[in-house]
Amino acid sequence: MDPAVGTAGFLVEAYEHLMKEARQGSAHDVERVAPSLRGTEKKPMPFLLAQMNMLLHRIDDPQITRGNSLEHTVAEMRRPAAQADVILTNPPFGGEEEKSVQENFPTELRTAETVWLFLQAVMARLRPTSNARCAIVVPNSVLFDQGVGARIKKQLMEDFNLHTVLRLPNGVFAPYTIIPANVLFFERGEQQEDVWFYEHP
């Protein structure tokens, strides 16, 4: 799942990766790959580009929904049909959500900042199974924020195993943003003693 799918780059890469594995199995394995991928996109143009991108990669019935992934309550995100085993996402940085969207989250964890809301959303959407995992791109500030951010990080460290932080090269998303970014890798399970930090030059 990608709850901020954009033009579906992550889902297309996931499809190609899963198809390599599925082709070593049965025809049934191959047929299961495309329907297992899904995403949501708020903006109309990226939504259309995501559909086209998946169609061009031989995914005949893209499971892309037009809407805002944050417009659901945390309880709704925790329903089995809304959850996923693997979440790959690069949510928008620096945006602000309306008050009505913020109200979908616990009072003490409410914020207008989209990246903090998306981090909460992916934690809620990961299935409560031992192999459920996530890779999420976040701005560097997420590692150091206080207040609401610190409380959300505490929840992450209590309910998940944040095992790796990958610092991406400066300007990797230019010209769209020059904000330094990291990828957080975490999974369901108890937080381990060590967190690996890598910097990609």
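Just so you know, residue 1 is the first one in the sequence shown, and it goes up from there. Just so it is clear, the structure is predicted and the values come from calculations on it, not from any experiment. Any value given below was found using the heavy atoms of this structure, including those in side chains, with hydrogens, waters and symmetry copies removed.
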Inset, instruction - Rounded to the nearest 0.5 Å, what's the gap from CD on Glu199 to CZ on Arg167? Could you check? - result: 6.0 Å
Inset, instruction - Verify, without hydrogens or angle tests, whether Thr114 (side chain) and Pro92 (backbone) share a donor-acceptor contact under 3.5 angstrom. - result: yes
Inset, instruction - Look up atom CG in Leu88 and atom CG in Leu11, then write down how far apart they are to the nearest 0.5 Å. - result: 7.5 Å
Inset, instruction - Drop me the distance from Leu117's CG to Gln102's CD, to the nearest 0.5 angstrom. - result: 6.5 Å
Legend entry - CD1 on Ile64 to OG1 on Thr7, rounded to 0.5 Å: 10.0 Å
Inset, instruction - Treating Ile, Leu, Val, Met, Phe, Trp and Tyr as nodes and any side-chain heavy-atom pair under 4.5 angstrom as an edge, say whether Leu184 and Trp116 lie in one connected cluster. - result: yes
Legend entry - Side chains of Arg125 and Met1 in contact at under 4.5 Å (non-hydrogen atoms): yes
Inset, instruction - Ignoring hydrogens and angles, tell me if any N or O in the side chain of Glu41 forms a donor-acceptor pair with the backbone of Gly6 under 3.5 Å. - result: yes
Legend entry - Smallest separation among heavy atoms of Ile136 and Pro91, with atom names: CG1-CD, 3.8 Å
Legend entry - N/O donor-acceptor pair under 3.5 Å between Glu21 side chain and Leu18 backbone: no
Inset, instruction - Indicate, with yes or no, if Val183 and Val138 share a hydrophobic cluster defined by side-chain heavy-atom contacts under 4.5 Å among Ile, Leu, Val, Met, Phe, Trp and Tyr. - result: no
Inset, instruction - Give a yes or no on whether the backbone of Ser26 and the side-chain of Asp29 come within a donor-acceptor separation of less than 3.5 Å. - result: yes
Inset, instruction - Check Pro3 against Phe118 and note the closest heavy-atom contact, atom names and distance. - result: O-CE2, 3.7 Å
Inset, instruction - Spell out, as yes or no, whether a donor-acceptor pair under 3.5 Å connects the side chain of Arg66 to the backbone of Lys42. - result: yes
Legend entry - Val137 to Ala181 - nearest heavy-atom pair and separation: CG1-CB, 4.1 Å
Legend entry - Asp2 and Thr89: side chain donor to acceptor below 3.5 Å: yes
Inset, instruction - Check whether Ile87 and Met77 end up in the same hydrophobic cluster, where Ile, Leu, Val, Met, Phe, Trp and Tyr are linked by side-chain heavy atoms less than 4.5 Å apart. - result: no
Legend entry - side chain to side chain contact (heavy atoms under 4.5 Å, CB included) partner of Phe186, chosen from Thr164, Leu126, Val165: Leu126
Legend entry - Val86 with Val12, same ILVMFWY side-chain cluster at under 4.5 Å: no
Legend entry - Under 3.5 Å: donor-acceptor pair, side chain of Gln120, backbone of Leu109: yes
Inset, instruction - Answer yes if Val122 and Val142 sit in the same cluster of Ile, Leu, Val, Met, Phe, Trp and Tyr residues linked by side chain heavy atoms under 4.5 Å apart, and no otherwise. - result: yes
Legend entry - Criterion side-chain hydrogen bond (donor to acceptor under 3.5 Å, both in side chains) on Asn68 and Glu97, from CA distance to verdict: CA-CA 10 Å; Asn68 185 349; Glu97 288 292 339; 3.2 Å; yes
Legend entry - Backbone of Ala124 reached by a side-chain donor or acceptor of Arg78 within 3.5 Å: no
Legend entry - Short side-chain to backbone donor-acceptor contact, Arg188 and Phe160, under 3.5 Å: no
Legend entry - Heavy-atom check, side chain of Gln155 versus side chain of Met123, under 4.5 Å: yes
Legend entry - Under 3.5 Å: donor-acceptor pair, side chain of Lys99, backbone of Ala112: no
Inset, instruction - Begin from the C-alpha positions of His163 and Glu187 and carry the test side-chain contact (heavy atoms from CB on, under 4.5 Å) through to its verdict. - result: CA-CA 8 Å; His163 56 80; Glu187 59 194 16; 3.9 Å; yes
Inset, instruction - Measure the shortest side-chain to side-chain distance between Ile59 and Asp61 over non-hydrogen atoms and say whether it is less than 4.5 angstrom. - result: no
Legend entry - Side chain proximity check, Leu168 to Phe173, heavy atoms < 4.5 angstrom: yes
Legend entry - Arg133 (side chain) donor-acceptor with Phe185 (main chain) under 3.5 angstrom: no
Inset, instruction - Hey, could you give me the CG/NE2 distance between Leu166 and His200, rounded to the nearest 0.5 Å? - result: 7.0 Å
Legend entry - Heavy-atom closest contact (Arg38 atom, Ala81 atom, distance): NH2-O, 3.4 Å
Inset, instruction - Report yes if some heavy atom in the side chain of His57 is under 4.5 Å from a heavy atom in the side chain of Met19; otherwise report no. - result: no
Inset, instruction - Output, in order, the C-alpha distance, side-chain angles, deciding distance and verdict of side-chain contact (heavy atoms from CB on, under 4.5 Å) for Glu16 and Lys20. - result: CA-CA 6 Å; Glu16 298 291 346; Lys20 283 180 190 172; 5.6 Å; no
Inset, instruction - Identify the heavy atoms of Phe105 and Ala121 that sit nearest to each other, and give their distance. - result: CE2-N, 4.3 Å
Legend entry - Pair Ile179-Asn140, side-chain contact (heavy atoms from CB on, under 4.5 Å): steps then yes or no: CA-CA 8 Å; Ile179 298 172; Asn140 197 46; 6.0 Å; no
Legend entry - Heavy-atom side-chain contact between Lys154 and Leu156 under 4.5 Å: no
Legend entry - Pairwise distance CE(Met157) to CD(Gln191) - rounded to 0.5 angstrom: 3.5 Å
Legend entry - Gln192 vs Asn161, side-chain hydrogen bond (donor to acceptor under 3.5 Å, both in side chains): CA-CA, chis, key distance, verdict: CA-CA 6 Å; Gln192 300 301 302; Asn161 176 27; 5.0 Å; no
Inset, instruction - Verify the neighbour count for atom CG of Leu143: are there more than 12 heavy atoms of other residues, nucleotides or ligands below 6.0 Å? - result: yes
Inset, instruction - Can you establish whether the number of heavy atoms outside Gln146 located under 6.0 Å from its atom CD is more than 12? - result: no
Inset, instruction - Could you tell me whether the side chain of Pro80 reaches within less than 4.5 Å of the side chain of Arg127, counting heavy atoms only? - result: no
Legend entry - Shortest non-hydrogen contact between Tyr15 and Ala34, atoms and distance: CE1-CB, 4.1 Å
Inset, instruction - For the residue pair Gln83 and Pro128, establish whether any side-chain heavy-atom pair is separated by less than 4.5 Å. - result: yes
Inset, instruction - Dump the intermediate steps for side-chain contact (heavy atoms from CB on, under 4.5 Å) on Leu70 and Asn104, then the final yes or no. - result: CA-CA 8 Å; Leu70 304 175; Asn104 292 325; 5.8 Å; no
